[in-house]
**Student:** 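Take a look at the following structure, please.
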Amino acid sequence: MRKLELLAPAKNLATGVAAIDHGADAVYIGPPQWGARAAAGNSLADIAELCHYAHQYRAKVYATVNTLLTDDELPQAARLIAQLAEVGTDAVLIQDMRLLALLTSPSSHLSPLSLHASTQADNRTAEKVQWLHEQGIRRAVLARELSVDEVAAIHRQVPPMELEVFVHGALCVSYSGLCYASEHCFGRSANRGECAQFCRMKFDLLDADGKELQHQRHLLSLKDLNLSRQLGQLIEAGAVSFKIEGRLKDVGYVKNVTAAYSQLLDHYIATHPGQYERASLGRCRYSFEPDLNRTFNRGYTTYFVHGRQPSMASFDTPKAIGPFVGHVKKLCGPSFTVAGTAAFANGDGLCFFNARRELEGFRVNRVEGNRLFPQSMPSSLRPGIALYRSNDQAMEHLLAKPTAERKIPVTMTLRATADGFALSMGDREVELPMEHQQAATPQRENIVRQLSRLGGTPYECTAVELQPADFPYFIPSSQLAAMRRMLMLSVESLVLRDFSSVPQLSTKVSQHSTLNTQQKSLNSQPSTPTPLMQCRYCLRHELGYCVKHGGKRPTWREPLTLRLGDGRCFRLEFDCRKCQMNVWSEE
């Protein structure tokens, strides 16, 4: 059966543990350096602890060393990867392919991990994925812009390669790894984990004559990805890992989104018996109902999963809006009433768009039915305005508590041996030499009670089998408890053994890989003329003026220009042959 993996983000150790508890088959976490999120580094000790916790469920931990490196940093990064192997990390995501030569060198004393090519390596063609496979890369994290059909085509052409796809979270407007806007404008390289969020800023849109077509709007700010309804199609296309974006997201977000997608994966597997199984062990019980609409999002898009779609961007705000909760009905001094069926809670965050199409938010101090008392009454609030809940206080309170329990169901077998008793679980067995004593009363109830006490372990005893079935022997409760503890120690040692051997890389790295990695090897914008951004997203299409896809014929004269509030300008180039928009600096 094909194993399917739900891959969740871990900002830190606590978030990683929560992700495992809520159904993740694997988590990805940033190490102390070079993790593509400068604000989300973690110590090796924390990663080791996370590995130990995850491995109990046969879940995996991937570390992100996915930035471009300077020449001086390459050997340091290789040493870090060796340390990650030592603490139990299962794979490392890399962007800089020059690491391959160091990790597979005959003179290297490193213990290489399984390597995954980060989406930062710009993995969008079968040719690139084939090249990665030839270098010994085990998995390619595909570009977010690919459609189901494109994923399927890559799988057909490179069937041995594991394919990982993003299914949820924030979207970069540029192909990952090919954005130099932050470095160019602010000296903070996105390829070094320091993105300044250039794409979330406000721009004017000007035509070739200087006419302003759009004024101070977030023209490059995409909605968040949500492929919850396309999960089955991606599975059928050949993807094996389904990735939730969000290494800067809080633990509540990770709990909710992970639980939602875990349930979807379980449902798909249940409706396709004998074809698929989860990549880790354990079943989760939740004390809440996961809901993707009740957690941070900028509105949702399916992006290019079924080809180019309208309404990919959120021009009015890059912030979370939340679900619609009703219209303002009437203003009542320091309060107002809401027309709608939503229930509110003290502390809710609400927002609305004012007459200038700007997002305004406020906190609700007190709730009396459908009458709300804001902390400060917004001056631009008017009857008829649509309200959205950007902060769901009830959901936050719920997610702040323990909300899931993950247990691996097991059967324990107790049998009599020639000189005592043996207790087994799966392929692990412990023996206790002792004299057989005939029981004066039936012992089954006490045996089941003692052996089922697996609290504090990942396991849940769902059945106890006795051999012989009538089991006429007496075993003191203390001895039963001792056997149970011995068995659990044996099982834990098996888990540590299974994850102690690190998969070795192929050594067939070509000389080509050290010279031409199909990517830039410097942390700044390339010296040759290159766009600041290369985007499959197209502003012309988003505005409804792409004739190729049924839009209106543009009334403006091109080239178009984006202008920041400080006056800096960026020329747009529409490469219709490639269906790509490039953003160039005019400096």
**Student:** Checking side chain to side chain donor-acceptor pair (under 3.5 Å) for the pair Ser228/Asn226: CA distance, chi angles, key distance, verdict?
**Tutor:** CA-CA 6 Å; Ser228 55; Asn226 181 342; 2.7 Å; yes
**Student:** Within a radius of less than 6.0 Å around NE2 of His267, do more than 12 heavy atoms belonging to other residues, nucleotides or ligands occur?
**Tutor:**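 For His267, atom NE2 is not crowded (no more than 12 foreign heavy atoms under 6.0 Å).
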**Student:** Regarding Arg188 and Glu194, does a basic nitrogen lie under 4.0 Å from an acidic carboxylate oxygen?
**Tutor:** no
**Student:** Given the rule in the side chain to side chain donor-acceptor pair (under 3.5 Å) test, do Ser380 and Glu360 qualify, once you have shown the distances and angles that lead to the verdict?
**Tutor:** CA-CA 9 Å; Ser380 52; Glu360 289 191 41; 2.5 Å; yes
**Student:** Any chance you could measure Tyr28, atom OH, to Ser118, atom OG, to the nearest 0.5 Å?
**Tutor:**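 It comes to 10.0 Å.
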**Student:** With distance as the sole criterion, is a donor-acceptor pair present between the side chains of Lys255 and Thr295 under 3.5 Å?
**Tutor:**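 Lys255 vs Thr295: no donor-acceptor pair found between side chains.
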**Student:** Carefully, step by step, assess Asp90 and His55 under the rule side chain to side chain donor-acceptor pair (under 3.5 Å).
**Tutor:** CA-CA 10 Å; Asp90 300 287; His55 291 169; 2.9 Å; yes
**Student:** Please lay out, stage by stage, how Glu183 and Arg192 fare under the test salt bridge (charged side-chain N to carboxylate O under 4.0 Å, His left out).
**Tutor:** CA-CA 9 Å; Glu183 166 72 17; Arg192 297 278 290 171; over 6 Å; no
**Student:** Please report the C-alpha distance between Val167 and Leu225 in whole Å, then the side-chain angles of each, then the deciding distance to 0.1 Å, and finally whether the side chain to side chain contact (heavy atoms under 4.5 Å, CB included) criterion is met.
**Tutor:** CA-CA 7 Å; Val167 292; Leu225 184 67; 5.5 Å; no
**Student:** How long is the span from the OG1 atom in Thr64 to the CD atom in Gln95, to the nearest 0.5 Å?
**Tutor:**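 The distance works out to 11.5 Å.
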**Student:** Ignoring hydrogens and geometry, is there a side-chain-to-backbone donor-acceptor pair from Arg200 to Pro318 under 3.5 Å?
**Tutor:**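 It does not hold such a pair.
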**Student:** Do Ser280 and Arg58 meet the criterion of a side-chain donor-acceptor pair at a distance under 3.5 Å?
**Tutor:** no
**Student:** Supply the atom-to-atom distance Phe242 CZ to Leu7 CG, rounded to the nearest 0.5 angstrom.
**Tutor:**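 Reported value, rounded in 0.5 Å steps: 11.0 Å.
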**Student:** What are the two closest non-hydrogen atoms of Pro290 and Asn256, and how far apart are they?
**Tutor:**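 Between these two residues, the closest heavy atoms are CA-OD1, 3.2 Å.
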**Student:** Considering only heavy atoms from C-beta outward, does the side chain of Leu84 approach that of Val65 to under 4.5 Å?
**Tutor:** yes
**Student:** Please verify the inter-ring angle class for Phe288 with His22; under 30° counts as parallel, over 60° as perpendicular, anything in between as tilted.
**Tutor:** tilted
**Student:** Who passes side chain to side chain donor-acceptor pair (under 3.5 Å) against Arg357, sequence neighbours left out?
**Tutor:** none
**Student:** Residues two or more places apart in sequence or in another chain: which of them pass salt bridge (Lys or Arg N to Asp or Glu O under 4.0 Å) with Glu277?
**Tutor:** Lys3
**Student:** Can the ring centroids of Tyr300 and His168 be said to lie less than 6.0 angstrom from one another?
**Tutor:** yes
**Student:** Pick one: which of Ile20, Asp21, Thr15 meets side chain to side chain contact (heavy atoms under 4.5 Å, CB included) with Val17?
**Tutor:** Asp21
**Student:** What is the distance from atom CD of Gln216 to atom CG of Asp204, rounded to the nearest 0.5 Å?
**Tutor:**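 Nearest 0.5 Å value for the CD-CG distance: 4.5 Å.
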**Student:** Among Lys249, Arg298, Arg144, which one satisfies salt bridge (charged side-chain N to carboxylate O under 4.0 Å, His left out) with Asp224?
**Tutor:** Arg298
**Student:** Report yes if the side chains of Leu562 and Leu205 come closer than 4.5 Å at any heavy-atom pair, otherwise no.
**Tutor:** yes
**Student:** Less than 4.5 Å apart, any side-chain heavy atom of Ser311 and any of Thr301?
**Tutor:**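 Not in contact.
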**Student:** Please tell me if the side chains of Glu5 and Glu162 come closer than 4.5 Å, counting only heavy atoms from C-beta onward.
**Tutor:** no
**Student:** Show, in sequence, the C-alpha distance, side-chain angles and deciding distance for Ile321 and Asp316, and conclude whether the side chain to side chain contact (heavy atoms under 4.5 Å, CB included) test is met.
**Tutor:** CA-CA 10 Å; Ile321 301 172; Asp316 292 327; over 6 Å; no
**Student:** Any sub-3.5 Å donor-acceptor pair from Arg382's side-chain atoms to Ser379's backbone N or O?
**Tutor:** yes
**Student:** Mind checking whether Phe198 and Phe186 have parallel, tilted or perpendicular rings, split at 30° and 60°?
**Tutor:** tilted
**Student:** Check step by step if side chain to side chain donor-acceptor pair (under 3.5 Å) holds for Glu236 and His155.
**Tutor:** CA-CA 10 Å; Glu236 292 162 13; His155 176 61; over 6 Å; no
**Student:** Is any side-chain heavy atom of Phe344 closer than 4.5 Å to one of Val325?
**Tutor:**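 Result yes, sub-4.5 Å side-chain heavy-atom pair found.
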**Student:** Please round to the nearest 0.5 Å and tell me the distance separating atom NZ of Lys329 and atom CG of Asn370.
**Tutor:**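 The NZ atom of Lys329 sits 6.5 Å away from the CG atom of Asn370.
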**Student:** Starting at CD of Gln120, measure out to CD1 of Ile94 and round the result to the nearest 0.5 Å.
**Tutor:** 12.5 Å
**Student:** Please check if the distance between the ring centroids of Tyr276 and Tyr268 is under 6.0 Å.
**Tutor:**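 That pair passes the under 6.0 Å test.
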**Student:** For a 4.5 angstrom cut-off between non-hydrogen side-chain atoms, does Arg371 reach Cys332?
**Tutor:** yes
**Student:** Looking at side-chain heavy atoms only, is the closest gap between Leu220 and Met581 below 4.5 Å?
**Tutor:**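 When only atoms from C-beta onward are counted, Met581 and Leu220 do touch, with a gap below 4.5 Å.
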**Student:** So does Arg217 pair up with Glu542, basic N to acidic O under 4.0 Å?
**Tutor:**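 The answer is no: the pair does not qualify as a salt bridge.
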**Student:** In terms of the angle between their ring planes, are Phe570 and His184 parallel, tilted or perpendicular, with boundaries placed at 30° and 60°?
**Tutor:**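 It falls in the perpendicular class, over 60°.
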**Student:** Ion pair present between Lys11 and Asp250, side-chain N to carboxylate O less than 4.0 angstrom?
**Tutor:**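 Looking at Asp250 together with Lys11, the answer is no, because their closest N to O distance does not fall below 4.0 Å.
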**Student:** Please test Leu13 against Asn42 for side chain to side chain contact (heavy atoms under 4.5 Å, CB included), starting from the C-alpha separation and ending with a verdict.
**Tutor:** CA-CA 8 Å; Leu13 171 61; Asn42 292 272; 5.6 Å; no
**Student:** Are any non-hydrogen side-chain atoms of Arg278 and Ser262 less than 4.5 angstrom apart?
**Tutor:** yes
**Student:** Sequence neighbours left out, what passes salt bridge (Lys or Arg N to Asp or Glu O under 4.0 Å) with Glu460? Give chain and number order.
**Tutor:**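 Checked Glu460 against salt bridge (Lys or Arg N to Asp or Glu O under 4.0 Å); matches are Arg283, Arg285.
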**Student:** Give the C-alpha distance, both sets of side-chain angles, the deciding distance and a yes or no for side chain to side chain contact (heavy atoms under 4.5 Å, CB included) between Asn123 and Leu146.
**Tutor:** CA-CA 10 Å; Asn123 309 319; Leu146 298 188; over 6 Å; no
**Student:** Is it the case that atom NZ in Lys407 sees more than 12 heavy atoms from other parts of the structure closer than 6.0 Å?
**Tutor:** yes
